[in-house]
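Hydrogens, waters and symmetry mates play no part in the numbers below; they use all other heavy atoms, side chains included.
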Amino acid sequence: MKFDNTGHHHLLIDTDPPADQSTPLPATDKIVHFGKGQTETTLNLSPGKHTLQLLLADYQHIPHSPPVISKKITITVKP
């Protein structure tokens, strides 16, 4: 349901934001949707370096314009 000035997070894992941000974000292993009000999750990542970034999108999973996006962070998962 559409509500003005609202949206939800999408967690981008080891990927860049899509070049075309006018279409819905797909639900993949690299784009995790938080459209049900989730406030946390557990990620099962392989050992090594990974990048994480949050991107806000509307109820249809279309990123806001202009984009509301976090800085990309790098984490290291130890074996």
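- To the nearest 0.5 angstrom, Thr51 atom OG1 is 4.5 Å from Asp14 atom CG.
- No continuous path of hydrophobic side-chain contacts links Leu55 to Ile13 [ILVMFWY only; heavy atoms under 4.5 Å].
- When all heavy atoms of Gly48 and His50 are compared, the pair lying nearest together is O-CD2, 3.3 Å.
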Query raised in the report: Passes side-chain contact (heavy atoms from CB on, under 4.5 Å), Thr39 versus Phe34? Steps please.
Result: CA-CA 8 Å; Thr39 58; Phe34 289 86; over 6 Å; no
Let me check something: any side-chain donor-acceptor pairs from residues 62-79 under 3.5 Å, sequence neighbours excluded? List them with distances.
residue, atom, partner, partner atom, Å
His64, NE2, Thr6, O, 3.4
Ser70, OG, Leu54, N, 2.8
Lys72, NZ, Asp16, OD1, 2.4

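- Atom CG of Leu25 sits about 11.5 Å away from atom CG of Leu11, to the nearest 0.5 Å.
- His8 pairs by the side-chain contact (heavy atoms from CB on, under 4.5 Å) definition with His10, His33, His61, not counting sequence neighbours.
- Judged by distance alone, with hydrogens and angles left aside, the side-chain atoms of Gln38 form a donor-acceptor pair with the main-chain N or O of Lys36 at under 3.5 Å.
- Going from atom CD1 of Ile31 over to atom OG1 of Thr15 covers 6.0 Å, rounded to the nearest 0.5 Å.
- Legend: residues meeting side-chain hydrogen bond (donor to acceptor under 3.5 Å, both in side chains) with Asn44, ordered by chain and number and at least two apart, are absent.
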